[in-house]
Amino acid sequence: MKINTLEKYQASYKQGIEEPEIFWQNIANHFDWSQKWNSVCEYDMHEAQFSWFKGGKTNITENCIDRHLKTKSNQTAIIFEPNSPKEVATHITYKNLHQKVCKMANALLSVGIKKGDRVAIYLPMIPELAISVLACARIGAIHSVIFAGFSSSALAARINDSECKIVITADGGFRGNKSIDLKSIVDEALIACPCVQNVLVAERTNTEISMLAKRDIYLKDILSKVSDKHKAEPMDSEDPLFILYTSGSTGKPKGMVHTTGGYMVYTAYTFKNVFAYEPGDVYWCTADIGWITGHSYILYGPLLNGATSIMFEGIPTYPNPGRFWDIVDKFKVNQFYTAPTAIRALAKEPLTYVNKYSLNSLKVIGSVGEPINEEAWQWYHKNIGKETCPVVDTWWQTETGGILISPIPNISPQIPTYATTPLPGVQPVLMDDNGDEIKELEGEGRLCIKSPWPSIARTIWGDHKRYKETYFTAYPGYYFTGDGALRNREGMYRITGRVDDVIIVSGHNLGTAPIEDAINEHPEIAESAIVGFPHEIKGKALYGFVTLKTPVEDTEKLKEAINKLISSKIGPIAKLDKIQFTNGLPKTRSGKIMRRILRKIAEGNAGDLGDISTLLNPEVVEHIKNGSEY
Ligand code: 7RM
């Protein structure tokens with residue numbers, strides 16, 4: 001399963017394309033199946049129908065936990081690092097995890113949850129979150145984790161869409177110096193959720209909460225009554241494992257459905273290879289389990305490999321911006337995986353916060369979630385990776401289930417800002433404006449994937465038509481990612497951003513990411529986002545929202561400097577017509593800039609922003625609408 005040489009990568013890549021069934025079958029054979037599959041892969045890219053390891057039966061938690069008990073029962077599976085550094089970390093061994101997951105599985109059964117039922121999980125990053133997810137998988141219930149920063153209306157919409165029978169939540173959660181009253185948010189949501197029969201409540205903040213008789217139950221009260229033994233439910237390869245909502249560019253959130261067998265095989269294989277995971281390593285992904293990155297690369301991928309995975313409850317800047325590096329040294333983290341937005345935020349802070357720590361345990365550092373700009377990449381490589389750790393810029397999506405394009409550390413070459421080369425079995429292609437595949441090596445176009453990989457989403461919950469239309473109709477026969485990319489003459493991919501972010505100015509196609517990169521190189525600038533707005537002559541012109549590291553006196557001079565920088569990096573065509581300095585950019589909870597909102601403001605339609613309650617920082621929107629400039 002391990003790619004340990006460039007030749008092995010090349011041979012695996014070749015076999016993954018030429019003989020995908022043999023290639024994936026050999027990997028699937030590493031896992032425990034109670035019944036082997038009848039066919040490795042059947043698919044129809046036009047109807048968006050996929051099955052992997054059909055007829056096979058397994059339970060992913062047996063592969064995540066039970067399989068390791070013989071050799072690793074006393075090894076730590078999960079390290080829980082609390083929000084406050086004063087609180088001690090919890091080390092959960094594989095044996096403990098087995099007991100806890102079995103108990104939780106029995107608790108779910110005791111409140112009437114059966115195979116196929118949907119369970120909403122609305123928890124902070126505490127051990128109960130990991131345990132609940134795995135317990136659902138163990139009994140065959142479909143988990144739907146909803147990030148604990150979502151509002152009551154966003155929560156209600158997601159609960160109702162998949163008709164969840166219960167909600168697992170907590171009294172509250174800690175994040176930095178704030179605490180969030182999760183239970184009262186659930187109470188408000190449930191006014192509009194007739195499908196929910198019970199609410200199971202974990203205790204974290206020990207705040208006073210209201211408990212509705214018969215409906216609400218403290219987890220500890222059921223857990224104390226049930227056994228810690230449970231025989232995992234055999235699941236068909238194509239039985240749904242989970243639903244995870246992702247926001248579409250328009251309309252209601254899409255409940256992406258992932259199934260059991262293919263997801264298991266793919267997340268395990270990619271975790272091992274992308275992070276060069278070796279037995280005994282300590283791995284840390286800073287994402288929240290409320291996102292796909294947390295599902296695939298905090299829980300399933302690492303546990304399938306018998307790894308030690310850190311779960312961090314807090315935020316990068318609490319109690320100070322050295323927290324990440326403190327945790328890396330504390331647990332001697334070997335692989336560290338985070339998002340460009342976090343890297344940029346920490347790069348803004350004095351280097352003393354980094355240099356207090358040795359960071360010499362690190363072997364591989366990773367990035368995910370958005371294109372990483374050159375400046376952030378270099379900062380990360382130099383100051384965190386000490387110029388020796390490979391940087392894995394991993395490109396993938398909620399829909400893809402696992403990483404599709406990434407360097408393999410110390411094996412395939414890395415280039416700053418490039419996600420580089422596809423993993424074995426993955427066939428990316430670029431499409432031109434006529435919808436044809438770009439055959440030349442060098443080119444730029446829309447990124448599609450030509451053939452299925454095991455962890456491709458199977459459908460949108462309750463709406464297969466929308467699934468087909470969103471991903472499989474723009475380029476018939478291909479999966480359309482919604483991203484643009486360029487390919488260099490070595491065949492390496494650089495993701496340029498969502499294609500809805502492409503702006504055509506005077507007939508020139510401009511990607512927002514390279515312009516933002518250019519701006520971000522300016523020493524005074526923290527972050528920027530470019531959107532288009534209508535222009536009489538050019539069709540569209542560029543509007544830049546720019547946040548500064550610290551406020552400056554002469555904003556006019558800085559605006560000139562920005563345009564000079566853009567002119568020199570990209571060309572005068574990419575100069576901004578308008579620049580607005582703000583104290584922040586509107587972001588999703590996972591740290592992605594919400595360009596849709598900025599676009600509306602730039603177009604003069606600030607009155608029509610839609611629901612902004614799910615943003616990380618809705619207050620920034622007011623500031624920008626009021627003209628900001630600090
Ligand atoms: C894993 C995740 C998916 C979108 C995707 C891209 C962007 C993710 C990278 C990236 C450039 C990367 N899932 N994206 N990773 N862009 N380089 N390494 O983020 O469903 O939440 O988002 O994120 O636009 O389509 S997601």
Side-chain angles (χ1 to χ4, degrees), residues 16 20-64 113-119 133-134 136-145 161-163 232-246 254-270 292 295-296 299-301 304 396-402 404 425-426 449 451-468 470-472 479:
E21 307 211 79
I22 298 174
F23 178 75
W24 288 114
Q25 169 153 312
N26 287 340
I27 293 165
N29 275 328
H30 285 84
F31 298 93
D32 287 348
W33 300 79
S34 54
Q35 189 178 300
K36 281 279 155 93
W37 48 90
N38 308 316
S39 79
V40 178
C41 176
E42 287 171 28
Y43 69 97
D44 180 337
M45 292 287 267
H46 294 274
E47 290 306 314
Q49 299 289 354
F50 306 97
S51 72
W52 283 88
F53 311 110
K54 197 164 137 189
K57 282 193 186 294
T58 186
N59 186 289
I60 196 167
T61 72
E62 280 192 320
N63 284 292
C64 284
I113 299 300
K114 309 178 303 293
K115 177 174 174 175
D117 287 344
R118 276 79 60 206
V119 173
V133 163
L134 295 166
C136 286
R138 194 156 181 99
I139 66 170
I142 303 169
H143 55 79
S144 170
V145 182
D161 181 71
S162 47
E163 296 168 287
E233 181 76 27
M235 300 297 289
D236 194 275
S237 284
E238 286 301 333
D239 279 335
L241 174 63
F242 66 86
I243 302 169
L244 186 59
Y245 287 87
T246 181
K254 297 172 286 193
M256 304 312 307
V257 177
H258 284 283
T259 59
T260 305
Y263 178 83
M264 172 174 89
V265 169
Y266 195 80
T267 54
Y269 177 71
T270 52
I292 191 70
H295 281 59
S296 302
L299 291 181
Y300 288 116
L304 286 163
W396 59 297
Q397 309 176 297
T398 305
E399 296 86 337
T400 69
L404 296 193
V426 175
I449 315 287
S451 57
W453 59 97
S455 65
I456 186 172
R458 300 302 195 257
T459 193
I460 292 174
W461 183 264
D463 199 349
H464 195 71
K465 186 163 163 274
R466 186 174 180 201
Y467 182 58
K468 220 167 96 174
T470 309
Y471 304 102
F472 299 92
Y479 166 79

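Computed from heavy atoms alone, side chains included, the values below leave out hydrogens, waters and symmetry copies. Keep in mind that this is a model prediction, so the values were computed, not measured.
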Kindly say whether [Y] contributes a backbone atom to a donor-acceptor pair with the side chain of [X] at under 3.5 angstrom?
X	Y	value
Tyr467	Ala457	yes
Asn59	Ala232	no
Asp32	Asn63	no
Thr260	Asp239	yes
His30	Asn26	yes

Please report the closest heavy-atom contact between [X] and [Y], naming both atoms and the distance.
X	Y	result
Lys57	Pro234	CD-CB, 4.4 Å
Ile113	Val119	CG2-CG2, 3.9 Å
Thr470	Arg466	OG1-O, 2.5 Å
Ala268	Phe31	CB-CZ, 3.4 Å
Gln35	Gly55	NE2-O, 3.0 Å
Ala137	Leu241	CB-CD1, 3.7 Å

Ser162-Tyr245 side chain donor-acceptor pair, cut-off 3.5 Å: yes
Residue pair Gln49 / Tyr43, side-chain donor-acceptor N/O under 3.5 Å: no
Kindly compute the distance separating [atom1] ([X]) from [atom2] ([Y]), expressed to the nearest 0.5 Å.
X	Y	atom1	atom2	result
Asp117	Ile142	CG	CD1	8.0 Å
Thr400	Ile456	OG1	CD1	8.5 Å
Asp44	Lys468	CG	NZ	8.5 Å
Asn29	Ile27	CG	CD1	10.0 Å
Ser455	Tyr269	OG	OH	12.5 Å
Gln25	Cys41	CD	SG	12.0 Å

Lys254 bridged to Asp463 by N-O distance under 4.0 Å: no
Arg458/Glu238 ion pair, N-O < 4.0 Å: yes
Any side-chain heavy atom of [X] within less than 4.5 Å of one from [Y]?
X	Y	value
Val133	Tyr300	yes
Ile139	Lys115	no
Arg118	Glu163	yes
Met45	Tyr471	no
Ile292	Phe242	yes
Phe53	Lys36	no
Phe50	Glu42	no

CA sep, side-chain torsions, deciding dist, call: Ile60, Leu304, side chain to side chain contact (heavy atoms under 4.5 Å, CB included): CA-CA 8 Å; Ile60 196 167; Leu304 286 163; 4.2 Å; yes
Test log, rule ring-ring contact (aromatic ring centres under 6.0 Å, His included), inputs His258 and His295: CA-CA 11 Å; His258 284 283; His295 281 59; 8.7 Å; no
Step-by-step side chain to side chain contact (heavy atoms under 4.5 Å, CB included) determination, Trp37 to Thr58: CA-CA 10 Å; Trp37 48 90; Thr58 186; over 6 Å; no
Centroid separation Trp24 to Tyr266 less than 6.0 Å: yes
Pair Tyr263 + Trp52: ring centers closer than 6.0 Å: no
Worked check of side chain to side chain contact (heavy atoms under 4.5 Å, CB included) between Lys54 and Ser39: CA-CA 5 Å; Lys54 197 164 137 189; Ser39 79; 3.7 Å; yes
Worked verdict on Ser296 versus Trp396 for side chain to side chain contact (heavy atoms under 4.5 Å, CB included): CA-CA 11 Å; Ser296 302; Trp396 59 297; 3.9 Å; yes
